[in-house]
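Here the structure is laid out as structure tokens; the discussion comes afterwards.
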Amino acid sequence: MGRKDSSTTKLPVDQYRKQIGKQDYKKNKPILRATKLKAEAKRTAIGIKEVGLVLAAILALLLAFYAFFYLRLSTDMDSDLDPDED
């Protein structure tokens, strides 16, 4: 039972290691924070590929819309210009 009291006291080497670890963590904390922020920004950033794909999709949609109405109106105009109708 006497050994219980001796186990609660820490060795000076362990205390020293703990103190060094705390100092090292304090020193590296801003670096770790900057690394985390950089990784977060990289994960959430919109890439050039995504922007290009969205613009290409919008352009294709507008082109299809224009072609549909161009063909629709050009066939209506041809029937209005027929001289045989008069």
Side-chain angles (χ1 to χ4, degrees):
M1 294 291 160
R3 294 215 172 220
K4 186 176 181 184
D5 294 331
S6 66
S7 68
T8 59
T9 59
K10 294 185 179 181
L11 295 174
V13 175
D14 290 336
Q15 290 175 347
Y16 177 73
R17 287 178 182 163
K18 187 175 181 179
Q19 184 182 9
I20 295 294
K22 283 182 183 178
Q23 289 175 357
D24 192 42
Y25 178 72
K26 286 180 183 177
K27 222 185 281 183
N28 289 333
K29 195 172 183 179
I31 297 169
L32 291 172
R33 186 178 296 136
T35 306
K36 282 183 183 178
L37 288 174
K38 187 185 262 187
E40 181 78 21
K42 190 181 244 186
R43 243 184 285 132
T44 59
I46 297 176
I48 294 175
K49 285 183 183 178
E50 288 85 8
V51 172
L53 286 173
V54 169
L55 289 176
I58 291 172
L59 183 65
L61 185 65
L62 286 174
L63 185 63
F65 189 72
Y66 177 78
F68 173 75
F69 279 108
Y70 176 77
L71 293 174
R72 178 100 173 157
L73 292 176
S74 67
T75 56
D76 289 345
M77 292 298 242
D78 288 342
S79 64
D80 288 343
L81 295 177
D82 278 342
D84 297 335
E85 260 184 35
D86 290 332

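Hydrogens, waters and symmetry mates play no part in the numbers below; they use all other heavy atoms, side chains included. Start at 1 with the first residue, then count along the sequence. Just so it is clear, the structure is predicted and the values come from calculations on it, not from any experiment.
- Residues passing the side chain to side chain contact (heavy atoms under 4.5 Å, CB included) test with V51 are I46, L55, sequence neighbours excluded.
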- Message: Assess the residue pair K18 and K22 against the criterion (side-chain contact (heavy atoms from CB on, under 4.5 Å)); give the C-alpha distance rounded to whole Å, side-chain angles, the decisive distance to 0.1 Å, and a yes or no.
- Response: CA-CA 6 Å; K18 187 175 181 179; K22 283 182 183 178; 4.1 Å; yes
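- Note that CG of N28 and OG1 of T35 are 9.5 Å apart. Values are rounded to the nearest 0.5 Å.
- For E50, there are no salt bridge (Lys or Arg N to Asp or Glu O under 4.0 Å) partners two or more places apart in sequence or in a different chain.
- Every residue meeting the side chain to side chain contact (heavy atoms under 4.5 Å, CB included) condition with I20, not counting sequence neighbours, appears here in chain and number order: Y16, Q23.
- Partners of Q19 under the side-chain hydrogen bond (donor to acceptor under 3.5 Å, both in side chains) rule, at least two apart in sequence or in another chain, do not exist in this structure.
- Annotation: ring-ring contact (aromatic ring centres under 6.0 Å, His included) contacts of Y66 (sequence neighbours excluded): none.
- Of the inter-residue distances, the one linking R17 atom CZ with L11 atom CG reads 9.0 Å to the nearest 0.5 angstrom.
- Listed by chain and number, the hydrophobic cluster partners of I31 come to none, as no ILVMFWY side chain reaches under 4.5 Å of it.
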